[in-house]
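Written below as structure tokens is the structure these notes are about.
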There are 2 protein chains.
Amino acid sequence: MSIDINDALKALDNPARLAILAKLKDPRKNYPEQEVDPEQVGVCVSIIQERAGLSQSTISLYLTALQRAKLVTSQRIGPWTYYKRDEANIAAFLKQLQDLI
Amino acid sequence: MSIDINDALKALDNPARLAILAKLKDPRKNYPEQEVDPEQVGVCVSIIQERAGLSQSTISLYLTALQRAKLVTSQRIGPWTYYKRDEANIAAFLKQLQDLI
DNA sequence: TTGCTATATTGGAATTTCTCGCTATATGGA
DNA sequence: TCCATATAGCGAGAAATTCCAATATAGCAA
């Protein structure tokens, strides 16, 4: 159930994906148009897409990559998919990286 | 004079390069055949190559990549080039990453 | 069912990375 | 000077990544 450090590094080796993860730290500030409480459920794909300025398919792909690396989780509510940070795994990754290098 | 976090992540997004940087943490243990004090001058390319099991040209490329990312430094002494970690920049990178994500 | 919206998936072109073998260069010794 | 060794740099082919448009799918409402 732990993080693969190489998967996480691969996911973060892309400025857009890195920025998405960073912005999700303070979703209320960075995605103010999100109406459902982002701290609770996350931020939906289309709002992330709008901010990132990339196509819908690319953002969907990037969010899937971040999820595969276990840095975010997603949940579907009705037609929307909400993504939010997996704080425990992000902290675990940072610790692993710190210990390794 | 600071580190570019995207350059560093790119350099580390490769298991071989990540392993090289990790092994350079304890060069006396991981590269015992190195005769000149590795803590002082670093480890020479051919010894790193032998351990990594990759071609000489690939290792030379990887070490250059790590150096471009400012995670290691090199110095030439006679015919040999010695690489060692840039501890200050590595720590700075970890801190930047920690603050960002 | 039909149609609309949100997201995921697929396919493809351009670019980058990976990794090698080969060659070039630099150093030091005979 | 000539040779041997250590490292860097130059193609090149295979694989991976980037990113889009187009298509598919899921959910909801009429």
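Below, each value reflects all heavy atoms present in this structure, side chains not excepted, and no hydrogens, waters or symmetry copies. Below, read A as the first sequence line, B as the second, and so on, with proteins coming before strands; counting in each chain starts at 1.
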Nearest-angstrom distance from the residue atom CG of B/Asn6 to P of D/dT18: 12 Å
Residue whose closest nucleotide on DNA chain D lies nearer the 5' end, A/Gly53 versus B/Trp80: B/Trp80
Donor-acceptor under 3.5 Å (A/Gln56 side chain, A/Ser46 main chain): no
Under 3.5 Å donor-acceptor pair, A/Gln56 side-chain atoms to C/dA6 base atoms: no
Under 3.5 Å: donor-acceptor pair, side chain of B/Arg51, backbone of B/Asn30: yes
B/Gln75 side-chain N/O to B/Tyr83 backbone N/O, donor-acceptor pair under 3.5 Å: no
Whole angstrom value for the distance that separates P of D/dA8 from CD of B/Gln49: 11 Å
Whole-Å gap separating P (D/dT7) and OH (B/Tyr82): 8 Å
Side-chain N or O of A/Ser46 closer than 4.0 Å to phosphate OP1/OP2 of C/dT7: yes
Sidechain-backbone polar pair: A/Lys84 side chain, A/Gln40 backbone, donor-acceptor under 3.5 Å: yes
Interatomic distance where CD belongs to A/Gln75 and P belongs to D/dG27 [whole Å]: 14 Å
Sub-4.0 Å heavy-atom contacts from residues 20-29 of chain B onto DNA chain D, ordered by number: none
Result of checking A/Ile90, A/Ile3, A/Asp7, A/Asp4 against A/Lys70 for side chain to side chain contact (heavy atoms under 4.5 Å, CB included): A/Ile3
Gap between atom OG of B/Ser2 and atom CZ of B/Phe93 - 0.5 Å precision: 12.5 Å
B/Ser60 side-chain N/O to D/dG9 phosphate OP1/OP2 under 4.0 Å: no
Letter per nucleotide, 5' to 3', of nucleotides 13-19 of chain C [B base touched, S only sugar-phosphate touched, - untouched; heavy atoms, 4.0 Å]: ----SSB
Atom pair CD1/CG of A/Ile101 and B/Leu94 - distance to nearest 0.5 Å: 4.5 Å
Spacing between B/Leu63 atom CG and D/dA8 atom P, to the nearest angstrom: 7 Å
Between C1' of C/dA6 and CD of A/Gln34, the distance in whole Å: 13 Å
For atom CD of A/Glu35 and atom P of C/dA6, their distance in whole Å: 12 Å
Integer-rounded Å distance: C/dA6 P and A/Ile59 CD1: 16 Å
Set of side-chain hydrogen bond (donor to acceptor under 3.5 Å, both in side chains) partners for B/Gln67, sequence neighbours left out: B/Ser74
Same apolar cluster (I L V M F W Y, side chains within < 4.5 Å links), B/Val72/B/Val41: no
